[in-house]
Each structure stands twice: as C-alpha cells, then as structure tokens.
Amino acid sequence: MEEKNLKISIAHFYPKLLNLYGDIGNVITLVRRCEWRGIQVEFCEINSGDKIQDCDLYFIGGGQDKQQAEVAAELFKNKEYLHDLRDKGAVFLGICGGYQLFGHYYQPHDKERLNGVSLLDAYTVAGKKRFIGNVTAETELVKPSTLVGFENHSGLTFLQGDTKPLAVVSTGNGNNGKDKTEGAHFKNVFGTYLHGSFLPKNPHFADYLLELALEKRYGEKIKLSKLDDTIELNAHNLLVGKAY
Ligand code: GLN
C-alpha cells in the first residue's frame, strides 16, 4: 500500500502526569515520522477519567512515585480492556515509570504497592540505589542493534515467563543492575528504562514500532520508506558507550 493512503491511530497515556525528562519526545517522533511519509495520524491524549479508545499504538512516559500512583489506579480500572487490546496486536511503549506499571506491580520504598496491569510478566521493587546515567544496550529486534538513552530510576525490574528482555546492557544498569537486561517485551508490548527521550535517538526502533502498529491495523507487513536520519544517528552515535 502507498504510504499516503495509510492511516494510524496513536494514543498518549496521561501526558500531564507521566512526562519525565521530556518523554513526550517519543510521541513527537512517532507522529512526525508518519507525517514525513504522508501517513495520516489520528492522535489522542488519554487523561485521568478519559475512556481508553481502541488505537493502533499507545505510549506512556515516566514519572515520580506520586504521579505513578494516580496513573496506576486509572490503568488498573481498564486492565481487562488493555489485555484485549494487547491480544489484538496493539503496540504499547512504556518508559520507566510507565514501563513499571505494565508489569504486575511496583513496590516503592516506604509506600503502598502500586498494582500494574500485567501486560508484561514482570515486577518492580524499589532498590536502595538510584541508577542515573547513559545506557547503551544491544537488541535482537532491529538492525542496527544498538539502543541508547538515559536512565534515572530506583526501581529494580525482574522479568518472568514469556516476557523477554528488550536488550542486553553494555553500558549502564538497565532493569536492575544485576542481570544485564534492559527493558522488556511480550507480544507487541515494549518497556524500557531509556529516557532521553528514547525514540528520537533510536529512529530505527521508532520505525519498528510503527511497522508493527500498521501491520496490526492492515493485517499485512508494511515496510516503511527510508528517511534521512543523519541528525538522529549523530545524536545516537554521540551516546554509544558513554556512561556520563
Ligand atoms: N519512580 C520510579 C523509579 O524511581 C520511576 C522513575 C522514572 O519514571 N524515571 O524507579
């Protein structure tokens, strides 16, 4: 299908609450990379109290424990529907605090456990140390395989069952600073600790998510045309292997 005849629906979960370190840059990247190709984008924000619409791709950013608690309650009300969306192939990307809520729970230091929505078979417990710094990691999902970003979290995330790591850390801490894993994925649900924001510096992964979302919508694989990613890849390459 010609790109100018394609359409995609993208939803941003709770942008007023979870948007740490400019995570909105991920949404801007997804929308722009469609618009630059002439693909029509239906975009919506989902804020507290809003009904969750049936979209092709959902994004949720990171945030502090307090904001996470409000979002956790909102998401939990829609747990079953979110599972239906996942099982129909919708694409989800969660960053840090949003990623943590895609698991079974997030246990902060000295506060009540936050229920996650179990889109991923994972759980998070607050660690004693805050991991802050750049991360370089290698994924098997896209070529080039390198992903870069910035982490700032005390949560330690552990993966179970069929939920696999998004990548293996070569610089930085990733999920828990112990097992060298970074992020997670199951079906078309993806989570990562990489702020930065993540997708502008990893355009190959942005296109990977868009192709998955278009495949879910049209029922066939769609290979997106190449864009000039010189600037994006210069920013990406500056970070590769750098801890700070
Ligand atoms: N509050 C969570 C933690 O510290 C998530 C932080 C974030 O989203 N950067 O682990």
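None of the values given here were measured: they were computed from a predicted structure. Every number for a ligand or one of its atoms is a count from 1 in the order of the listing.
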To the nearest 0.5 Å, what is the distance between [atom1] ([X]) and [atom2] ([Y])?
X: Leu166; Y: Thr139; atom1: CG; atom2: OG1; result: 4.5 Å
X: Leu159; Y: Phe186; atom1: CG; atom2: CZ; result: 12.5 Å
X: Phe13; Y: Ile46; atom1: CZ; atom2: CD1; result: 4.5 Å

Looking only at protein heavy atoms, identify the closest one to [atom] and say how far it is in Å.
atom: atom 3 (C) of ligand 1; answer: Ser154 N, 3.6 Å
atom: atom 7 (C) of ligand 1; answer: Cys96 SG, 2.9 Å
atom: atom 4 (O) of ligand 1; answer: Arg130 NH2, 2.8 Å

Going by distance only, is there an N or O of [X] that falls short of 3.5 Å from an N or O of ligand 1?
X: Tyr21; value: no
X: Gly63; value: yes
X: Asp65; value: yes
X: Gly155; value: yes
X: Gln100; value: yes
X: Tyr193; value: no
X: Gly97; value: yes

Report task. Measure up the Phe92 and Tyr58 rings against each other and bin them: parallel (under 30°), tilted (30 to 60°), perpendicular (over 60°). Result -> parallel
Report task. Fit a plane to each ring of His236 and His204, take the angle between them on a 0 to 90° scale, and name the class: parallel (under 30°), tilted (30 to 60°) or perpendicular (over 60°). Result -> perpendicular
Report summary line: Tested for side chain to side chain contact (heavy atoms under 4.5 Å, CB included) against Asn134, the lone hit among Leu194, Thr171, Leu239 is Leu239
Report task. May I ask you to list the residues sharing a hydrophobic cluster with Val125, side-chain cutoff 4.5 Å, ordered by chain and number? Result -> Tyr105, Tyr123, Phe131, Leu156, Phe158
Requested in this report: Check Asn152 against ligand 1 and report side chain, backbone, both or neither, counting heavy atoms closer than 4.0 Å.
Outcome: backbone
Query raised in the report: Which of the numbered atoms in ligand 1 are below 4.0 angstrom from a heavy atom of Gly62?
Result: 8 (O)
**Report entry** ligand 1 atoms in contact with Gln68 (distance to a heavy atom under 4.0 Å)
**Finding:** 1 (N), 2 (C), 5 (C)
Query raised in the report: Is the number of heavy atoms from other residues, nucleotides or ligands within 6.0 Å of CD (Gln160) greater than 12?
Result: yes
Query raised in the report: Taking side chain as C-beta onward, heavy atoms only, is Val117 less than 4.5 Å from Leu101?
Result: no
